[in-house]
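Data first, discussion second: the structure below is written as structure tokens.
The figures that follow rest on heavy atoms only: side chains count, while hydrogens, waters and symmetry mates do not.
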Amino acid sequence: MAAAARRAATGLFPMLRSSPFLARPRRSDSLTLPAFLRPRRLPPHPVRPFFCSAALSSSPAASNGGAPERAPDLHLYNTKSRKRELFRPRAPGGEVGMYVCGVTPYDDSHIGHARAYVAFDVLFRYLCYLDYEVRYVRNFTDIDDKIIARANQLGEDPFSLSKRYSEDFLSDMANLQCLPPSVEPRVSDHIEQIVKMIKQIIDNGCAYVVSGDVYFSVDNFPEYGKLSGRKLDDNRAGERVAVDERKKNPADFALWKAAKDGEPWWDSPWGPGRPGWHIECSAMSAQYLGDSFDIHGGGEDLIFPHHENEIAQSRAACCDSSINYWVHNGFVNVNGQKMSKSLGNFITIRKVIELYHPLALRMFLLGTHYRAPINYTVEQLNVASDRLYYTYQTLRDCEVSTQQDQSSSGDSLPATTTLCVEKLHKEFETSMSDDLHTTVALAAISEPLKLMNDLLHTRKGKKQEKRLESLSALEEKIRTVLSVLGLMPSSYHEALQQLREKALRRASITEEQVLQKIEERTSARKAKQYARSDEIRDELATLGIALMDGPDGTAWRPSVPSSEQAVVASST
């Protein structure tokens, strides 16, 4: 409580943005369950302080009177050491500091951004689940060559443009259910800290001034290249600027850029100008997390030069600066090619969620380990959307069934249910603690969902003892998993409706037209025109609309278009 009061007093609780997809707490079922079946106290939605902590999860041992059992130790792959390492925070019992490089807001955010920030959102959530308090910092590079060029192209003020695209980015993140970080600093608000750090680097002999520009001298920093593994002779001068002949070494990079006509500038000891690309993250991470902290993250394209340069700057300014874990996510490819504007395969988040539920995109991204390259295809996105619909439909059916009878005998659950939930609990924590293997965590809910469907829909399942209590226990544990993965919707019913609406939009058909087709098919079946009946079913299946016949008539649901199923099968 004291720590929370200190954080509130220093104004470190962020303002939250609303989203129709943000999950909210759901009523907890009043069942007498073994302690391990009850989830850890996850960050509540939608309002929460983002210095979060979660209670220890108990285990079967605790339910039998033994000591509570912690989750497996978290291991993360550290780019710097090139190996998987046991995670140990710098301050045991204190806050975990995590800095993730944010966007340069000069255009709509793309699925590469979604991949990165979903990955680090999951890390944030899982650290909270493991009872860590986390200070998560993610910046905005709101002044940059690309912003200036785009603003000039559009005839717009650079700060107005970056603010507009920053707000659009935040909206995209809310739709993807990425929790807001603790702090979201902007470069333009931290010029004082940047100038101060550059002064320290110059004073320590690692930078030099040329006609109002300030360059970092890589020759004066022997450790340069240790993160990326590059030798100095192999290093490129930079990714965003042409080589400047005034440099002492072509690999030297700009800390401060002298002002140019028509560009924003600030006063400095070296004359008017603005920060270079790399210095901002060193200065802002030090401002909010200190010179040394636990985790620094970003896409693998940032390993060199950005993160390599960050290390050089930070250690040149403060020799005690260190970051324990460097964590990077893999690239996004589109139909087997690296996503890029030059190839014309650049896909924005907004373009995707015009036709797909945002959580279908999140499900797709989590279906590949965060460090592996991910191949974006419409076929695989359809598979993710279909899997999400099946998950939510099962949980919605469970919700409806358990709401019909709120009574509970308080007796223990059947062994089948207990073993199923215990297995899910173990597989989830084991896979997530092993460098965030979300693919295994998602696969682990398949068996519980199947058991739920058996209890809901089969004759044998409907007769099972303590059926409703079993359904509630299974739903609660799956809800815990979905919450940590950021896939828990505000309402199963609403999410299902949204998934249906997106499917109709993809198929370019209205629900009224689907219902007319169902009526036509019903009439054909009554008239024993089975060929026509099958033809209607196949027409809709081609569009991604599956028909399901039942005792109450025919219903429809979204599905993977039949024309894509062979492609999907061949790629699995």
- Locate the shortest heavy-atom distance separating Ile194 from Ile279; write the atom from each residue and the value. CG2-CG2, 3.7 Å

- Which atom pair, heavy atoms only, marks the closest approach of Ala207 to Ile202? CB-CG1, 3.8 Å

- Report the residues that fulfil salt bridge (charged side-chain N to carboxylate O under 4.0 Å, His left out) with Arg115, sequence neighbours left out, ordered by chain and then residue number. none

- Message: Looking at every non-hydrogen atom in both residues, tell me the closest pair between Glu300 and Gly330 and how far apart they are.
- Response: OE1-CA, 3.0 Å

- Task: Look at the side chain of Ser431 and the backbone N and O of Phe428, then say whether any donor-acceptor pair between them is shorter than 3.5 Å.
- Result: yes

- Ion pair present between Lys502 and Glu354, side-chain N to carboxylate O less than 4.0 angstrom? no

- Any side-chain heavy atom of Phe159 within less than 4.5 Å of one from Pro264? yes

- Applying salt bridge (charged side-chain N to carboxylate O under 4.0 Å, His left out) to Arg371 and not counting sequence neighbours gives Asp435

- Query: Would you call Asp121-Arg138 a salt bridge at under 4.0 Å N-O?
  - Reply: no

- Message: Using only atom types and a distance under 3.5 Å, with no angle test, would you say the side chain of Asp142 pairs donor to acceptor with the backbone of Ser188?
- Response: yes

- Query: Distance from Ser171 atom OG to Ile349 atom CD1, nearest 0.5 Å?
  - Reply: 10.0 Å

- Could you tell me the separation between the CZ atom of Arg362 and the OG1 atom of Thr438, rounded to the nearest 0.5 Å? 10.0 Å

- Message: Can you confirm if the aromatic rings of Tyr117 and Phe120 lie within a centre distance of less than 6.0 Å?
- Response: no

- Query: Would Arg135 and Glu95 count as a salt bridge (Lys or Arg N to Asp or Glu O under 4.0 Å) if you check the C-alpha gap in whole Å, the side-chain angles of each, and the deciding distance to 0.1 Å?
  - Reply: CA-CA 7 Å; Arg135 192 171 200 199; Glu95 293 170 349; 5.5 Å; no

- Task: Check for a donor-acceptor pair, side chain of Asn139 on one end and backbone N or O of Pro185 on the other, with a separation under 3.5 Å.
- Result: no

- Using a strict cut-off of less than 4.0 Å between a Lys/Arg side-chain nitrogen and an Asp/Glu carboxylate oxygen, indicate whether Glu308 and Arg230 qualify as a salt bridge. no

- Task: Take Leu179 and Phe124 through the side-chain contact (heavy atoms from CB on, under 4.5 Å) test and state the conclusion after the steps.
- Result: CA-CA 8 Å; Leu179 298 173; Phe124 180 31; 4.1 Å; yes

- Is Lys248 salt-bridged to Asp219, cutoff N-O under 4.0 Å? no

- Task: Taking ring pair (Phe, Tyr, Trp, His ring centres under 6.0 Å) as the test, write out the residues that go with His110, two or more places apart.
- Result: His113, Phe346

- Relative to Phe331, does Lys338 satisfy both conditions: NZ or CZ under 6.0 angstrom from the six-membered ring centre, and within 45 degrees of the ring's axis? yes

- Item | Heavy-atom side-chain contact between Met363 and Leu359 under 4.5 Å | no

- So does Asp108 pair up with Lys351, basic N to acidic O under 4.0 Å? no

- Look at Asp320 together with Arg315 and state whether they make a salt bridge at an N to O cut-off of under 4.0 Å. no

- Message: Let's go through Arg84 and Leu76 carefully: what are the C-alpha distance in whole Å and the side-chain angles of both, what is the deciding distance for side-chain contact (heavy atoms from CB on, under 4.5 Å) to 0.1 Å, and is it a yes or a no?
- Response: CA-CA 5 Å; Arg84 185 174 154 276; Leu76 294 172; over 6 Å; no

- Beyond-backbone contact of Ile295 with Ile323, side-chain heavy atoms, under 4.5 angstrom: no

- Task: Validate the cation-pi geometry between Lys83 and Tyr77: distance from NZ or CZ to the six-membered ring centre under 6.0 Å, angle to the ring axis within 45°.
- Result: no

- Item | Beyond-backbone contact of Asp73 with Ser433, side-chain heavy atoms, under 4.5 angstrom | no

- Message: Quick one about Arg186 and Thr141 (side-chain donor to acceptor, distance below 3.5 Å, no hydrogens or angles considered), yes or no?
- Response: no

- Side chains of Phe221 and Asn204: closer than 4.5 Å at any heavy-atom pair? no

- Query: For Lys80, does its backbone N or O pair with a side-chain atom of Arg82 as donor and acceptor, under 3.5 Å?
  - Reply: yes

- Message: Check whether Tyr325 reaches the backbone of Leu86 with its side chain - one donor and one acceptor, N or O, closer than 3.5 Å.
- Response: yes

- Message: According to side-chain contact (heavy atoms from CB on, under 4.5 Å), who are the partners of Asp291, at least two apart in sequence or on a separate chain?
- Response: Ala286, Cys318, Ser321

- Message: Classify the ring geometry of Trp277 against His306: parallel below 30°, tilted from 30° to 60°, perpendicular beyond 60°.
- Response: parallel

- Item | Check: Tyr99 ring centre within less than 6.0 Å of Tyr136 ring centre | no

- Relative to the ring of Trp326, is the ring of His296 parallel (under 30°), tilted (30 to 60°) or perpendicular (over 60°)? parallel

- Go through Val327 and Thr79 one step at a time and tell me if the side-chain contact (heavy atoms from CB on, under 4.5 Å) criterion holds. CA-CA 6 Å; Val327 181; Thr79 302; 5.9 Å; no

- Whether Arg150 side chain and Leu161 backbone form a donor-acceptor pair below 3.5 Å: no

- Message: Please confirm whether the ring centroid of Tyr132 lies under 6.0 Å from the ring centroid of Tyr126.
- Response: no

- Task: Using a 4.5 Å cut-off on heavy atoms from C-beta on, say whether the side chain of Leu366 contacts that of Leu487.
- Result: yes

- Message: Test side chain to side chain donor-acceptor pair (under 3.5 Å) on Ser81 and Glu85; report intermediate values, then the result.
- Response: CA-CA 9 Å; Ser81 66; Glu85 294 182 0; 2.5 Å; yes

- Message: How close do Ala441 and Val481 get, counting heavy atoms only, and between which atoms?
- Response: O-CG1, 4.3 Å

- Note on the structure: Minimal heavy-atom distance between Ser282 and Gln313, with the atoms involved, is OG-NE2, 2.9 Å

- With rounding to the nearest 0.5 Å, note down the distance linking CD in Gln380 to CD in Glu564. 9.5 Å

- Query: Between Phe364 and Asn382, is any pair of side-chain heavy atoms under 4.5 Å apart?
  - Reply: no

- Query: Shortest non-hydrogen contact from Ser385 to Arg506?
  - Reply: OG-NH2, 4.0 Å

- Item | Sequence neighbours excluded - side chain to side chain donor-acceptor pair (under 3.5 Å) pairs with any residue from residues 189-199 | His190-Tyr288

- Query: Are Ile201 and Phe216 side-chain neighbours, meaning at least one heavy-atom pair lies under 4.5 Å?
  - Reply: yes

- Message: For Arg274, is there an ion pair with Asp144 - N to carboxylate O distance below 4.0 angstrom?
- Response: no

- Task: Verify, without hydrogens or angle tests, whether Asp157 (side chain) and Ser160 (backbone) share a donor-acceptor contact under 3.5 angstrom.
- Result: yes

- Looking at the rings of Tyr106 and Tyr165, which for Trp means the six-membered one, are their centres under 6.0 Å apart? no

- Apply side-chain contact (heavy atoms from CB on, under 4.5 Å) to Arg90 and list each qualifying residue two or more places apart in sequence or on a separate chain. Ser292, Asp294, Ser322, Asn324

- Query: Could you go step by step and tell me if Leu127 and Leu74 meet the side-chain contact (heavy atoms from CB on, under 4.5 Å) rule?
  - Reply: CA-CA 9 Å; Leu127 287 167; Leu74 174 62; 3.7 Å; yes

- Message: Closer than 3.5 angstrom, by distance alone: can the side chain of Asn309 be matched with the main-chain N or O of His278 as a donor-acceptor pair?
- Response: no

- Message: Taking side-chain contact (heavy atoms from CB on, under 4.5 Å) as the criterion, tell me which of Thr104, Asp107, Asn152 meets it with Ile147.
- Response: Thr104

- Query: Less than 6.0 Å separating the ring centroids of His328 and His307?
  - Reply: yes

